[in-house]
Amino acid sequence: MALDPAARRAVLAVMCLALMLVTASMSALNLALPDIGLDLSASFTSLTWIVDAYTVALAGLVLPLGALGDRVGRRSVLLAGSVVFGGAAFTASAVSTTTALILCRVVMGLGAAMIMPGTLSTVTAVFPAEQRAKAVAVWSSCAAAGSILGLLVSGALLEWFSWRSIFVTGGLVASVTALAVALRAPESKDTSPGRFDAAGAVCTALAPGALVYALIAGSDQGWRTPQVVAALAVAVAAGGAYVVIGLRTENPLLDPRLFRVREFSAGSVALTVQFMVLFGFYFVGLQYLRLVLGYGPLLSAVALVPVALVVVPTSQATPLLVRRVGMRGVMISGLALLASGLLAMSLLTAGSGYLPFLGSLLLAGLGLGLTGAVGTSAITGSLPAEQQGVASAANDATREVGASIGIALMGSVFGSRYRSSLTTDLDGLPEQAADAVRRSPVGGLYVADLLGPRGTALAQDVRDAFMSGMSGAVIAVAVVTAAAICFLGLGARTSRKPASHRGSEQPGEVPQ
């Protein structure tokens, strides 16, 4: 796509704005969970769904909507997604029940799934091969920086307004994004996309959605209940059907054979784990700052700024690091730093304070910076230019699947450990108050505050139970991260790309 350098930079800026709208909306609501919990009387399970409904919809729909953009035009789908996103955000600002809020978050996820694939595919389409790695690194750093920006903006809003202002702001930013896309983004599409893989689209939507439902419901209702067992069965069946259908379909939504390619599979694993850690941590870690350390919303957001200060320059340095130590070495190092940060966080107590928390945060931030950009480059380099819509959708899908599973997994482990770690005898409390303590830490601290001096012991017990839940949650994700390190370290050291997907790079080399 022939554009002058200034026009390419403008396109990159617009795509980064659209991307940050999506990623900021994934993180911004985490700061408001205590306020939403009190305002809507939401249980911890309901709060998990309010956060995860967005990422589940995004994860399940990003692949088919990326393929749709390849066919009808990426700019057109991106523009429509901005409108859908904005309308759902404005509606969410006026709801009065948790069910309505969850439904609005699902529709926002639909809009985000229309937006996100078009951002990276447009970037890779307008930049020449020799500049593409740098542009992708900027795109990748904006994904991480956008989540931090979302926290800062929501923190500032919550200091003066209610949680509803977060959705109003999201709607306004979506409107600006739609205007910028209409004015600056070029149209691009696949000239010969082939038949749309409807069966594959259904499978890729069902598998992550059913798995997340099972993780969240299993903690709340029990792992042996029929609905949880059924959800797990659906997730396994949908995943298996995706592979079978993909191998037999002439134009699969995402060819399962691509996972035989070392670059593609390694990048997918690294990004899945990265976002599992990042957004699972946001869900639990931000509540640690607010409920245990007692920080206000803005101070809680500012406390995470050091992550962005580490992630952005580290992401920019990855092309040089890859040339020196190789893709595998950078990815394994990044995942090892992530696991180290998680294990350090698991050792925190209610009295640890901010500095030990910051140390674990910086370790994890280095890992996020290393895994993000190189993982994205590995995935996009596995497909030819005319299939960059699917490549970017695959990249996005791994991120969102990781985010949705991370939130569900950490929320599930946290909820189970929190309830089992409460030691206070709640029989002496009114039934509604005792139920509030069991349902969530924010409810427990609210009840303790109402009790005055008599609630001091209960408040400490709630905080200790919170730390037990948080420790268990981060250890669970650290184990998954360790498994990913083993996969990358023990995987085949040579691979060949299918002929239809082979680019100009040599086998085992990250596209630059």
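Keep in mind it's a predicted model, so treat the numbers as computed, not measured. Computation of the quantities below employed the complete heavy-atom set of this structure, encompassing side-chain atoms and omitting hydrogens, waters and symmetry-equivalent molecules.
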Look at the side chain of [X] and the backbone N and O of [Y], then say whether any donor-acceptor pair between them is shorter than 3.5 Å.
| X | Y | value |
| --- | --- | --- |
| S27 | G150 | no |
| S416 | V413 | no |
| E400 | L58 | no |
| R290 | L31 | yes |
| D461 | T423 | yes |
| S346 | S471 | no |
| S41 | G37 | no |

Value rounded to 0.5 Å, distance of [atom1] in [X] from [atom2] in [Y]:
| X | Y | atom1 | atom2 | value |
| --- | --- | --- | --- | --- |
| T119 | L17 | OG1 | CG | 11.0 Å |
| L291 | M470 | CG | CE | 11.5 Å |
| L347 | L342 | CG | CG | 11.0 Å |
| S165 | E159 | OG | CD | 11.0 Å |
| S340 | M345 | OG | CE | 11.5 Å |
| Y446 | S440 | OH | OG | 12.0 Å |

When you look at Y288 and F357, which way does the ring-ring contact (aromatic ring centres under 6.0 Å, His included) test go after all the steps? CA-CA 10 Å; Y288 165 77; F357 175 81; 5.2 Å; yes

Step by step, would you call V84 with M108 a side chain to side chain contact (heavy atoms under 4.5 Å, CB included)? CA-CA 7 Å; V84 170; M108 289 175 68; over 6 Å; no

If we check side-chain contact (heavy atoms from CB on, under 4.5 Å) with L33, which of these qualifies: V442, V51, T48?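 Considering V442, V51, T48, a side-chain contact (heavy atoms from CB on, under 4.5 Å) with L33 is found only for V51.
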
Does any non-hydrogen side-chain atom of [Y] lie less than 4.5 Å from one of [X]?
| X | Y | answer |
| --- | --- | --- |
| L78 | M114 | no |
| L361 | V310 | no |
| C16 | V138 | yes |
| L158 | L298 | no |
| L271 | T371 | no |
| C104 | T91 | yes |
| R105 | T55 | no |
| L101 | I36 | yes |

Can you run down the ring-ring contact (aromatic ring centres under 6.0 Å, His included) pairs that involve residues 308-331, sequence neighbours left out, and say none if there aren't any?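 Of all non-adjacent pairs touching residues 308-331, none passes ring-ring contact (aromatic ring centres under 6.0 Å, His included).
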
Can you check side chain to side chain contact (heavy atoms under 4.5 Å, CB included) on F167 and L29, steps first, answer last? CA-CA 9 Å; F167 290 103; L29 210 58; 3.6 Å; yes

Give me the atom names and distance for the closest heavy-atom approach of [X] to [Y].
| X | Y | answer |
| --- | --- | --- |
| T122 | V11 | CG2-CG1, 3.7 Å |
| L335 | A270 | CD2-O, 4.4 Å |
| M26 | A403 | CE-CB, 3.6 Å |
| A135 | L12 | O-CD1, 4.1 Å |
| L289 | S300 | CD1-O, 3.5 Å |
| W163 | A92 | CZ3-O, 4.2 Å |

Would you indicate whether [X], at its atom [atom1], is surrounded by more than 12 heavy atoms from other residues, nucleotides or ligands within a distance under 6.0 Å?
| X | atom1 | result |
| --- | --- | --- |
| R184 | CZ | no |
| Y354 | OH | yes |
| Y295 | OH | yes |

Judged by modelled atom types alone, do [X] and [Y] share a side-chain donor-acceptor pair under 3.5 Å?
| X | Y | result |
| --- | --- | --- |
| T349 | S352 | yes |
| S404 | D52 | no |
| R417 | S468 | yes |

Run the side chain to side chain contact (heavy atoms under 4.5 Å, CB included) check on T97 and L40 step by step: do they pass? CA-CA 6 Å; T97 66; L40 301 182; over 6 Å; no

Kindly indicate, with the supporting measurements, whether the criterion side chain to side chain contact (heavy atoms under 4.5 Å, CB included) is fulfilled by S82 and I115. CA-CA 7 Å; S82 300; I115 293 170; 3.9 Å; yes

So that I know where these two stand, are F466 and Y418 an aromatic pair - ring centroids less than 6.0 Å apart? no

Inter- and intrachain pairs under salt bridge (Lys or Arg N to Asp or Glu O under 4.0 Å), touching residues 160-172, at least two apart: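 Found D39-R164.
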
Report the relative orientation of the aromatic rings in Y54 and F85; use parallel for angles under 30°, tilted for 30 to 60°, perpendicular for over 60°.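 Ring orientation of Y54 relative to F85: perpendicular.
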
